[in-house]
Amino acid sequence: MNKIERPGGEAEVEYLDSSFRVVKPGTFVRCGVTGEAIPLERLRYWSVPRQEAYASPQAALVRLGYAKNAPPAEG
């Protein structure tokens, strides 16, 4: 499914070890730490055990307890 074929709105995604599978089509997912929308084409960081996405490496470190807060992801 390409960008044009995807309906707008939040996607439901299954996070796998080195990829992810779109369960419900959409254009973005939400960061599990910051709540910001992450366009699927920019999704790079996620947790398989927690099944959540992260807007940045810093957000992932916050979730793991290695950092105190996550700055907004750079565009």
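Index from 1, following the sequence.
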Residues that Phe20 engages under side chain to side chain contact (heavy atoms under 4.5 Å, CB included), provided they are two or more places apart:
Val13, Tyr15, Val22, Leu40, Leu43, Trp46
Straight-line distance of Arg21 CZ to Glu12 CD, nearest 0.5 Å:
9.0 Å
Only counting residues at least two apart or in another chain, list the ones meeting side chain to side chain contact (heavy atoms under 4.5 Å, CB included) with Arg44.
none
Nearest heavy-atom contact between Ala55 and Thr34 is CB-OG1, 4.3 Å
Nearest heavy-atom contact between Gln58 and Ala67 is NE2-CB, 3.2 Å
Which heavy atom of Glu10 sits nearest a heavy atom of Lys24, and at what distance?
O-NZ, 3.9 Å
Smallest separation among heavy atoms of Ala53 and Val29, with atom names:
CB-CG2, 3.8 Å
Measuring from Leu16:CG to Glu14:CD, what's the distance to the nearest 0.5 Å?
5.0 Å
When Ile, Leu, Val, Met, Phe, Trp and Tyr are grouped by side-chain heavy atoms lying under 4.5 Å apart, directly or through other members, which residues fall in the same group as Tyr66?
Leu61, Leu64
